[in-house]
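Step one of this worksheet: look at the structure below.
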Amino acid sequence: MVGVIRLNENLADQAQAIYQQYFLIEADPNWPLGHLSDLIDVKYGKDHKKLADGVYPVYGSGGIMRYVERPLYEKESVLIPRKGTLNNVMYVNQPFWSVDTMFYTEMKQANVAKFVYHFVKSKDLASMNSGSAVPSMTTAILNALELRIPSAEALLQFENSVAPMYEMMKKNENQSRKLTELRDALLPKLMSGEIDISSLNI
């Protein structure tokens with residue numbers, strides 16, 4: 001588990017370095033100035049408590065909370081905490097449910113989700129907190145974030161460069177989840193003596 005986390009952190013760092021190279025160091029000054037709202041629609045998550053268990057992950061600001069019967073959204077998205085740990089931005093590329101303390105996003109153009117993720121991830125959202133006792137984020141703050149909007153060609157080049165890294169991270173996470181489920185299923189049987197450890201080919 002620890003090895004998978006470190007491997008994925010390394011892949012994420014590589015993708016962030018490529019983002020910085022393409023869109024900060026080599027940014028085209030002719031790209032038009034705009035706002036985050038030009039690239040995405042920010043949507044509110046919903047309460048999940050009445051949903052039955054299933055296969056679709058439910059994301060909160062700390063990560064996956066449970067798995068439910070149906071998704072809230074099925075396309076590529078960037079999840080942004082609305083309350084709590086504001087800097088814990090996540091990229092998702094599978095059907096999912098987002099809780100009511102998390103925003104999810106719908107992309108307005110192709111090949112922009114990973115760019116948006118790295119852009120938002122590079123911002124200190126906690127410093128933009130609009131709350132008092134509980135750190136809070138608003139759609140107005142997110143929509144107003146200024147940026148240069150890259151060309152379609154630059155976004156496609158970035159997508160092609162980092163997509164293999166994201167695929168590897170997803171495979172690693174799936175493998176880790178399967179191993180965890182297997183461990184959780186076997187451990188009680190081993191502890192109860194239902195399964196003799198000497199009979200396992202390990």
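Index from 1, following the sequence.
- Using a 4.5 Å cut-off on side-chain heavy atoms (C-beta onward), L125 and V89 make contact.
- For the pair Y59/V92, a side-chain contact is recorded, criterion being any heavy-atom separation below 4.5 Å from C-beta on.
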Going through the checks in order, is the side-chain contact (heavy atoms from CB on, under 4.5 Å) test met by M165 and I18?
CA-CA 11 Å; M165 300 172 188; I18 294 173; 3.4 Å; yes
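- For the atom pair CG (L79) and OH (Y117), the distance works out to 10.0 Å, reported to the nearest 0.5 Å.
- Hydrophobic clustering (ILVMFWY, side-chain heavy atoms < 4.5 Å, transitive): M168 and M90 are in distinct clusters.
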Return all side-chain donor-acceptor pairs below 3.5 angstrom for residues 137-145, not counting sequence neighbours, or 'none' if the list is empty.
residue : atom : partner : partner atom : Å
T138    : OG1  : I141    : N            : 3.1
N143    : ND2  : T139    : O            : 3.1

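- Using a 4.5 Å cut-off between side-chain heavy atoms of Ile, Leu, Val, Met, Phe, Trp and Tyr, with links allowed through other members, I5 and I64 fall into different hydrophobic clusters.
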* Asked: Going through the checks in order, is the side chain to side chain donor-acceptor pair (under 3.5 Å) test met by Y22 and S161?
  -> CA-CA 10 Å; Y22 282 16; S161 295; 2.8 Å; yes
Distance-only donor-acceptor pairs under 3.5 Å for side chains of residues 147-158, two or more places apart:
residue : atom : partner : partner atom : Å
R148    : NH1  : P29     : O            : 3.2
R148    : NH1  : W31     : O            : 2.6
S151    : OG   : A154    : N            : 3.1

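- Across P95 and P57, no two heavy atoms sit closer than the pair O-CD, 3.5 Å.
- E146 meets the side-chain hydrogen bond (donor to acceptor under 3.5 Å, both in side chains) test with no other residue; sequence neighbours excluded.
- Judged as a salt bridge (Lys or Arg N to Asp or Glu O under 4.0 Å), and not counting sequence neighbours, D124 has no contacts.
- Side-chain contact between M128 and K123 is present, with at least one heavy-atom pair separated by less than 4.5 Å.
- Note: F119 CZ to L24 CG = 9.5 Å, rounded to the nearest 0.5 Å.
- Looking at F96 and Y67, their side chains never come closer than 4.5 Å, going by heavy atoms from C-beta outward.
- When all heavy atoms of S136 and L86 are compared, the pair lying nearest together is O-CD1, 3.7 Å.
- The two atoms that bring E173 and N8 nearest to each other are CG-ND2, 3.5 Å, heavy atoms only.
- M65 and Y73 end up in the same hydrophobic cluster when Ile, Leu, Val, Met, Phe, Trp and Tyr side chains are linked at under 4.5 Å.
- A donor-acceptor contact shorter than 3.5 Å is absent between the side chain of K83 and the backbone of M102.
- Here E74 pairs with nothing under the salt bridge (Lys or Arg N to Asp or Glu O under 4.0 Å) rule; sequence neighbours left out.
- With sequence neighbours left out, Y56 forms a side-chain hydrogen bond (donor to acceptor under 3.5 Å, both in side chains) with no residue at all.
- Salt-bridge formation is detected for the pair K114/E159: a Lys NZ or Arg NE/NH1/NH2 atom is positioned less than 4.0 Å from an Asp or Glu carboxylate oxygen.
- By the criterion of side-chain heavy atoms lying less than 4.5 angstrom apart, applied directly or through intervening Ile, Leu, Val, Met, Phe, Trp or Tyr residues, F115 is not grouped with I25; the two fall into different hydrophobic clusters.
- In the hydrophobic cluster analysis, where Ile, Leu, Val, Met, Phe, Trp and Tyr join through side-chain heavy atoms closer than 4.5 angstrom, L33 is grouped apart from L36.
- The side-chain heavy atoms of K46 and L72, taken from C-beta on, include a pair separated by under 4.5 Å.
- Side-chain contact between W97 and R66 is absent, with no heavy atoms from C-beta onward closer than 4.5 Å.
- Under 3.5 Å, the side chains of Y91 and S77 contain no donor-acceptor pair of N or O atoms.
- Taking the six-membered ring where tryptophan is involved, the planes of H118 and Y19 are essentially parallel, since the angle between them stays under 30° and well short of 60°.
- Considering only heavy atoms from C-beta on, Q16 comes within 4.5 Å of S122 through its side chain.
- Distance alone, capped at 3.5 Å, is enough to place a donor-acceptor pair between the E69 side chain and the A52 backbone.
- Here the rule is side-chain contact (heavy atoms from CB on, under 4.5 Å) with T105, and of L39, V120, V78 only V78 fits it.
- Nearest heavy-atom pair across M107 and V116 is SD-CG2, 4.5 Å.
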As a quick check of understanding, evaluate side-chain contact (heavy atoms from CB on, under 4.5 Å) for K108 and D41, giving each step before the final call.
CA-CA 7 Å; K108 291 184 174 180; D41 282 322; 3.1 Å; yes
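- In the displayed structure, Q21 atom CD is contacted under 6.0 Å by more than 12 heavy atoms of other residues, nucleotides or ligands.
- L11 is listed as a side-chain neighbour of N172, based on a closest heavy-atom distance under 4.5 Å.
- Within the 3.5 Å criterion, the main-chain N or O of H35 finds a donor-acceptor partner in the side chain of D38.
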